[in-house]
Amino acid sequence: MRPLSCAVMTDASTTGIQSKRGFFNETAFHKLLAWLDGGEDSQGGKYLEMRRRLVSYFQRKSCQSPDDLADETLDRVARRLQEEGAIDSPTPAHYVYIVARFVLLEYRRKPDRDLLSFEDLLNRGHNPGVAVPLRQDDVTSDEWEEKRLSCLEHCLQSVAPENRDLIFNYYVGERRAKIENRRALAARLRLTPNALSIRACRIRSKLEDCVNQCMSATKGFSEFSFINRGPSGS
Amino acid sequence: MKRNTYSNEVITRYLVGALASDETERLDELSLTDDEFAERLQSVENDLVDEYVRGELQGNLLERFESSYLASPTNREKVKFAESLQRTVDRRAGAEGAKNAEQSVTHDSAVSRGYRSSWWKGTFALPKTVLWPAMAVTAFLLIASSWLLVQDLRLRQLRDRARAANDVLALQSEKQQAQLGENQIALAEKQREIDELRRTLERSGQSSETEEPNVIPVVLEPQTRSISTIKTVSIPAEADFVAFQLELEGDDPADYQAILKSLPGQQTVWKRSGIRAQRRERVKLLVVTLRTRVLASRNYILEVADPRNAGSVLSSYTFKIVRE
């Protein structure tokens, strides 16, 4: 498994987007961004979304380092793009999926696939299945929880008031009451239930990224969140 | 490509790794290539995590969630985030409820304090010719408002009943959608079995295009107390497979396990899990297909078990095999 120290934050000056690790050159990265955009300029949004989906995909396949595998996939696509100039596929996402499957197959064939990287070992202590703070002696789980809550409060203040209200009203209540609340909220905002759930989901993702960044920025806490956070946290 | 045909239940099963491999692959592909599906997947995942945090997951799903979903450190972080979000939302809801109640009490008491003295003074200062009709009108208004209150309550009850009926319909629709998804999965499984049979035949030198496998269909009924009712199944030498059609009793899980045991001695000779039942009108049927080479000329018992309930046997079928 590639150690994280190989990761190089590369600036893509035109988009402001950074790749999590260095492609073999910056032109390849720009080419990849343009190819994923498919003619429109998403300001790197398509790249970030594809990377997020890849990380989730490798996570669902129980891979030890989903971020590394997502980057490996995009790396290969970028390399192919630069070598061939173009890729023949119904959509960029379909091609990325095919490459991801190959990356997964190779990962599963590796005899050392379950070995943890140095960073993983640091973050998980002696029990590979459990994530623990880097300096566990200094931080109790209550403190950790309080920290998370205060990060969330801070992050909630950073979102627009209408989005904050939406999140509160969307998640308040239990079972039937919650369903009723959501129905009323959708009617009030003149949205379909599906559109409401997508909007709530997007706000929640932003909050989650924000909380992960906030937690990792705190001295004395594990870099776990940093390593595993989504692309928007990069 | 199939779009939006997947119910939340199927997506949930996908998230906890409980779907068949070909269906998992299809959803894997959609999760990367279909924007709409990718967003829905995220939304269902959030709901699943929230249900876990609120202690609303049960049974097999809870087990799967804890053994499969929580195996990932990132997913455990998602659960922690969901706990914090829930606590924050609950805390705010509680604070708002208290604030509203307090405001309401303060406002009511302030209004009523100022009002009470002037109202009483004014009322009893009126001459009796005005006072009595005024009191009669007040009494009438009181009765009328009580009647309206009762009507309002009745209408509210009617509305609640209509809503409940609506919810039942929505639930049924959701279940039908889930059933559709499951049928698709069952169909895909059957297709895989057929492909496997074809490949086996090809390997044994026969062409699947020219020659179909020789399958003996057998209908078995649940075992009764009398052993004399044992069914005899004759298997010709050229038969490749036996397909047992079993009629199931009672209400039951989605997946079944079939175990074939030789008699006497009850030694397990064959076993298969994840078999799905088919419903024909009011009867539930299970088709269990196995190779004839598994069977010798002797008595057997075929047990149908519930894998979710520690493999408890739901029905058993005895029969005698005679190889020709």
Side-chain angles (χ1 to χ4, degrees), chain A residues 49-50 52-57 59-63 66-67 90-94 96-97 100-101 120 123-124 129-131 144-145 148-149 151-153 156 167-176 178-180 194 197-198 200-202 204-205 207-208 211-212 215 224-225 227-230, chain B residues 1 4 8 14-17 24-25 27-47 49-51 53-56 68-78 80-94 96-97 163-164 166-167 170:
Chain A
E49 175 59 17
M50 182 50 71
R52 185 196 67 76
R53 290 183 196 176
L54 282 167
V55 171
S56 297
Y57 168 75
Q59 254 170 32
R60 285 194 295 275
K61 300 295 165 195
S62 308
C63 300
D67 285 73
T91 64
H94 277 95
V96 172
Y97 170 65
R101 281 182 65 186
D120 287 331
N123 285 307
R124 294 167 197 210
V130 181
W144 180 270
E145 190 49 44
R148 194 187 298 276
L149 280 169
C151 278
L152 181 57
E153 285 292 347
L156 277 165
I167 277 289
F168 279 124
N169 289 315
Y170 188 81
Y171 287 110
V172 77
E174 283 183 46
R175 294 175 193 261
R176 234 188 108 72
K178 186 189 271 184
I179 294 167
E180 286 291 326
N194 193 36
S197 79
I198 287 170
C201 193
R202 284 181 183 158
R204 181 176 170 145
S205 290
L207 279 175
E208 211 168 335
V211 168
N212 285 340
M215 295 288 283
F224 172 80
S225 305
I227 291 168
N228 288 283
R229 76 178 185 229
Chain B
M1 185 170 293
N4 294 325
N8 286 359
Y14 167 67
L15 285 166
V16 298
T24 300
E25 219 167 88
L27 267 63
D28 280 342
E29 185 177 355
L30 286 176
S31 73
L32 285 172
T33 59
D34 188 315
D35 293 345
E36 205 177 307
F37 182 81
E39 282 187 323
R40 187 143 166 250
L41 180 64
Q42 244 189 313
S43 173
V44 173
E45 185 174 3
N46 286 343
D47 286 344
V49 171
D50 290 342
E51 280 172 30
V53 166
R54 283 197 174 278
E56 291 170 4
S68 171
Y69 188 85
L70 289 185
S72 152
T74 315
N75 290 345
R76 289 198 294 271
E77 285 291 299
K78 278 183 203 280
K80 283 178 187 165
F81 172 79
E83 281 168 351
S84 301
L85 181 62
Q86 206 54 66
R87 275 180 67 179
T88 306
V89 168
D90 289 347
R91 212 187 274 176
R92 178 169 145 152
E96 275 194 353
R163 271 192 188 161
N166 194 26
D167 285 348

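Below, chain A is the first sequence line, B the second, and so on; all start at residue 1.
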Taken to the nearest 0.5 Å, the spacing of B/E83 CD from A/L152 CG works out to 12.5 Å
I'd like to verify something: which residue of A/P92, A/C63, A/A93 has the highest number of heavy-atom pairs under 4.5 Å with chain B? A/A93
Between B/S68, B/A38, B/A82, B/G17, the one whose heavy-atom pairs under 4.5 Å with chain A are most numerous: B/A38
Please classify the contact of B/S31 with chain A as side chain, backbone, both or neither, using a heavy-atom distance under 4.5 Å. both
Can A/H94 and B/E29 be said to form a side-chain contact (heavy atoms from CB on, under 4.5 Å), step by step? CA-CA 8 Å; A/H94 277 95; B/E29 185 177 355; 3.4 Å; yes
If you compare all heavy atoms of B/N46 against all heavy atoms of A/C201, which two are closest, and at what distance to 0.1 Å? ND2-SG, 3.4 Å
Mind listing the closest non-hydrogen atom pair of B/S84 and A/L149 along with its distance? O-CD2, 3.6 Å
Heavy-atom contact with chain B under 4.5 Å, split by part of A/L54: both
Under 4.5 Å from any heavy atom of chain A - which part of B/E25: both
Which of A/R52, A/R202, A/R53 passes salt bridge (charged side-chain N to carboxylate O under 4.0 Å, His left out) with B/E39? It is A/R202
Could you walk me through whether B/Q86 and A/E174 pass the side-chain contact (heavy atoms from CB on, under 4.5 Å) check? CA-CA 10 Å; B/Q86 206 54 66; A/E174 283 183 46; over 6 Å; no
Got a second to check how far B/R92's CZ is from A/E153's CD, nearest 0.5 Å? 9.5 Å
Looking only at B/D90, B/L15, B/D28, B/T24, the option with the highest number of non-hydrogen pairs under 4.5 Å against chain A is B/D28
Check whether B/L85 gets within reach of chain A through its side chain, its backbone, both or neither, counting any heavy atom under 4.5 Å. both
For a 4.5 angstrom cut-off between non-hydrogen side-chain atoms, does A/K178 reach B/R54? yes
Rounded to the nearest 0.5 Å, what's the gap from OH on A/Y97 to CG on B/D34? Could you check? 13.0 Å
CZ on B/F81 to CG on A/L207, rounded to 0.5 Å: 5.0 Å
For a side-chain contact (heavy atoms from CB on, under 4.5 Å) check, start with the C-alpha distance between A/I198 and B/Q42, then their side-chain angles and the critical distance, and finish with the verdict. CA-CA 9 Å; A/I198 287 170; B/Q42 244 189 313; over 6 Å; no
Out of B/E56, B/E45, B/R87, which one racks up the most heavy-atom pairs below 4.5 Å with chain A? B/E56
Among the options A/R204, A/E180, A/R101, pick out the one with the most heavy-atom pairs lying under 4.5 Å from chain B. A/R204
Is the closest side-chain donor-acceptor distance between A/R60 and B/Y69 under 3.5 Å? no
For A/V211, is it the side chain, the backbone, both, or neither that has a heavy atom closer than 4.5 Å to a heavy atom of chain B? side chain
Could you tell me if the side chain of B/T88 sits less than 4.5 Å from the side chain of A/Y171, heavy atoms only? no
As an exercise, state the distance from CD of A/Q59 to NZ of B/K78, rounded to the nearest 0.5 Å. 6.0 Å
Is the shortest side-chain heavy-atom distance between B/V89 and A/Y170 below 4.5 Å? no
